Amino acid sequence: MVRTRFAPSPTGYLHVGGVRTALFNWLYARHHGGQFILRIDDTDQQRNVAEALQPILDGFRWLGIDWDEGPEVDGPHTPYYQSQRASQYQAAVERLLETGAAYRDYSTPDELAAERDAAAAEKRDFVYSRKWMATTAEDAARFESEGRTAVVRLKMPREGTCAFRDLIRGDVEFAWSREQDHVIQRTDGTCLYHLASVVDDADFQISHVIRAEEHLSNTPRQRFIAQSLGLEPPHFAHLPYVAEPGGSQKISKRKLTKYLKNRDFNDLFQHGTAIATALGRQVNADTFNPVIVDFYREVGYLADALLNYLVLLGWSLDDKTEEFSRAEMIQHFSLERVNKSPAGFDPQKLRATQARYMQALPSKQKVAMVVPFLQQAGLVASPPPCETGPMVSRLLEAADDRIKVAGDILSLTEFFVADESLEYDEKAFEKRVRKPDAKPLLVAFRAELAQVEPFDAASTEQCLRAFVESQGIKMGQIIHALRVAVTGKAVGVGMFDTLEILGRESCLARIDRACRLA
RNA sequence: GGCCCCAUCGUCUAGCGGUCUAGGACUCCGGCCUUUCACGCCGGCAACACGGGUUCGAGUCCCGUUGGGGUCACCA
């Protein structure tokens, strides 16, 4: 039985790199008909875990990455919080102590630092002298009488190599002599991550540990712990990390300012910021950041699109397939086809993927996605009046591919504001409405518009074409002025769709108003 | 610095010794479509880091160099 896990620390946000790791774990489990477990690594947490965990769980729920065991769903191995598993860790520490795979160490931080410095001064690798290692009860008593307190350290081998097969990297080898006697239990009795992780993976019967490359060098000590405990170590697969936009370092939430200097990343961020601002939302870098998954949800990306983008970051099926539904991802995913080298986060490709998904989204779903944004922006009442559905549906049809994320609907506010509060883009107004011939043409065409029957796209188009011909002018001489008069903007959805959606009354009122202002 | 990992167009990637005059996608640049914008369509630019081997033959295997990265905690 394949059982994989993702083990987030409750940090209050879900990082895109973390999601990619979780996604690969999830896909691997689902592909093999196995289970995906969520375990909470909160051994070092003083703050409110529940509060800091919620955004992470929400993120996974939004993405549709479901877990078979873990917070909120529980399971046969509950609890899934490391902070609640101290007794298991304690038992493991005791067993390690008994078998001699670990020892109590009474050195002080200063003494240890002195040894480290000495090693550095002599330009040799630091190897702890084990001078304050207590092997007997008498040793311990003596050290304690000196007022010392103990940590528990691993008694790592100092000869030979730790060799294992990584499912992505192939055979990997580490010399035991380079390993330190890592601390597994602190002075205060709490245990450290490596011990906890190994114990949990065994207790939860994790078969495959798929995690970021940064853990590769942690693997020897974890295998040592497992072996010393008489446990069969899981299979390991170390994923390359997700690199920052335009760079080669690991992408990090804290480097937003740096990433903003990257044009594509900046575009992605600004686009999102405009939407968030239109929603009246406070934009602060701690939560509103394209490195954090929430960003995409708030701005109106499709979870499927994000996932599709992410799955291709370090994995591919073949030389051409780019689109994967969840089912297809699950069907085709394999660790053999995961790349060894880091993959850079590319905002443009993400947006292109999103755009494709949005195009393919059925109209009904698009409407359902977009309406909440209009409500949050105060442009549509909650609950929405019954004419909203058909109107938005018609508008989306007219807007076609212009709506790339749900929040883009907020760039079409002209369809939702009252005629008298429509804002005119000053530059556009100056250029197209205040120019010499515009006003008389608008006035003349307004009279035609007042008569058209029915007032729909086809008829208004016919009407305008006839008007243009009778006046002996070109389309361009009036249509731009008309657009600005009616929408306030120089760009937007098709002219005649716009007229139809706005309706005769609004169109006439807006033309009148524009002529007055001109 | 020690140890470990990695290396194909700007980016994501295909390539598992000959079918590679290196394929696809995103971006970019032309052109078409067009009332604007977006879409769409057509076309184009663009890569095997370098040096040695092995081999009849190397992007593909080996070694080295260079470059990039990860990691060296009583963090996870």
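The sequence lines fix the lettering, A, B, ..., with proteins before strands; numbering per chain opens at 1. Computed from a predicted structure; not experimentally measured.
When distances run from any side-chain atom of A/Leu313 to the nucleotides B/C12, B/U35, B/C74, the shortest one goes to B/C12. Nearest nucleotide to the side chain of A/Arg402, out of B/C37, B/C74, B/C39: B/C37. Checked against B/G2, B/C39, B/A25, the side chain of A/Glu322 finds its nearest nucleotide in B/A25. With B/G69, B/C74, B/C3 as the choices, the nucleotide that has an atom nearest any side-chain atom of A/Phe174 turns out to be B/C3. When each of B/G69, B/A14, B/C74 is scored by its nearest atom to the side-chain atoms of A/Ser316, the top-ranked nucleotide is B/A14.
The residue A/Lys123 sits apart from the nucleic acid: no heavy atom pair falls under 4.0 Å. Using a 4.0 Å heavy-atom distance criterion, A/Asp401 is classed as a sugar-phosphate-only contact. Using a 4.0 Å heavy-atom distance criterion, A/His194 is classed as a base contact. Among the atoms of the strands shown, only primed sugar atoms or phosphate atoms (P, OP1, OP2) are found under 4.0 Å from some heavy atom of A/Val183. Residue contacts shown for A/Met475 are limited to sugar-phosphate atoms, with no base heavy atom under 4.0 Å away. Among the heavy atoms of the strands lying under 4.0 Å from A/Arg116 are primed sugar atoms or P, OP1, OP2 only; no base atom is included. The residue A/Arg178 sits close only to the backbone: its heavy atoms come under 4.0 Å of sugar-phosphate atoms, none of a base. Within the 4.0 angstrom heavy-atom criterion, only backbone atoms of the sugar-phosphate kind lie near A/Gln359; the bases stay farther away.
The shortest distance between side-chain heavy atoms of A/Leu412 and A/Ile403 falls below 4.5 Å. Side-chain contact between A/Arg39 and A/Gln82 is present, with heavy atoms from C-beta onward closer than 4.5 Å.
Rounded to a whole angstrom, the distance from the P atom of B/C4 to that of B/U65 is 13 Å. A distance of about 40 Å separates the C1' atoms of B/A7 and B/C32, rounded to the whole Å. Of the P atoms belonging to B/U54 and B/C16, the separation is 24 Å, rounded to the nearest Å. Comparing the same atom, P, in B/C5 and in B/C63 gives a spacing of 11 Å after rounding to whole Å. Here the separation of B/G67 from B/A49, taken at their C1' atoms, is 8 Å to the nearest Å. Spacing of C1' atoms, B/U60 relative to B/U19, comes out at 14 Å, to the nearest Å. Nucleotides B/G30 and B/G51 have their P atoms positioned 35 Å apart, rounded to a whole Å. B/G70 and B/A38: their P atoms are spaced 38 Å apart (whole Å).
Side-chain polar atoms of A/Ser129 and A/Glu115 form a donor-acceptor pair below 3.5 angstrom. No side-chain donor from either of A/Glu146 and A/Tyr106 sits under 3.5 Å from a side-chain acceptor of the other. Side-chain atoms of A/Thr321 and A/His332 form no donor-acceptor pair, as typed in the model, at a separation below 3.5 Å.
Pair check for B/C41 finds B/G31; Watson-Crick or G-U wobble, both atom distances under 3.5 Å. When Watson-Crick and G-U wobble pairs are counted only if both distances are under 3.5 Å, B/A22 pairs with no nucleotide at all. Pair check for B/G1 finds B/C72; Watson-Crick or G-U wobble, both atom distances under 3.5 Å. Base pairing of B/A14: no nucleotide in any strand meets the Watson-Crick or G-U wobble criterion (both distances under 3.5 Å).
Of the residues in residues 239-255 of chain A, A/Tyr241, A/Ser248, A/Gln249, A/Lys250 come within less than 4.0 Å of RNA chain B through at least one heavy atom, sorted by number. Within residues 335-353 of chain A, the residues having any heavy atom under 4.0 Å from RNA chain B are, by residue number, A/Arg337, A/Asn339, A/Lys340, A/Ser341, A/Pro342, A/Ala343, A/Gly344, A/Asp346, A/Gln348, A/Lys349, A/Ala352.
The distance from atom CG of A/Asp319 to atom P of B/A47 is 20 Å, rounded to the nearest whole Å.
Atom CD of A/Glu51 sits in a sparse spot, with 12 or fewer heavy atoms from other residues, nucleotides or ligands closer than 6.0 Å.
The aromatic ring centroids of A/Phe269 and A/Tyr259 lie 6.0 Å or more from each other. With ring centers used as reference points, A/Phe60 lies under 6.0 Å from A/Phe6. Under the 6.0 Å cut-off for aromatic ring centres, A/Phe333 and A/Trp315 qualify, their centroids lying closer than that.
With sequence neighbours left out, A/Arg186 forms a side chain to side chain donor-acceptor pair (under 3.5 Å) with A/Thr190.
A stacking contact between A/His238 and B/G70 is absent: the pair does not combine a ring-centre distance of less than 5.5 Å to the base's six-membered ring with planes differing by less than 30°.
Mapping A/Arg153 and A/Arg465 onto RNA chain B by nearest heavy atom places A/Arg465 at the nucleotide closer to the 5' end.
A cation-pi arrangement is found for A/Arg153 relative to A/Tyr128, the charged atom lying closer than 6.0 Å to the ring centre and inside a 45° cone about the ring normal.
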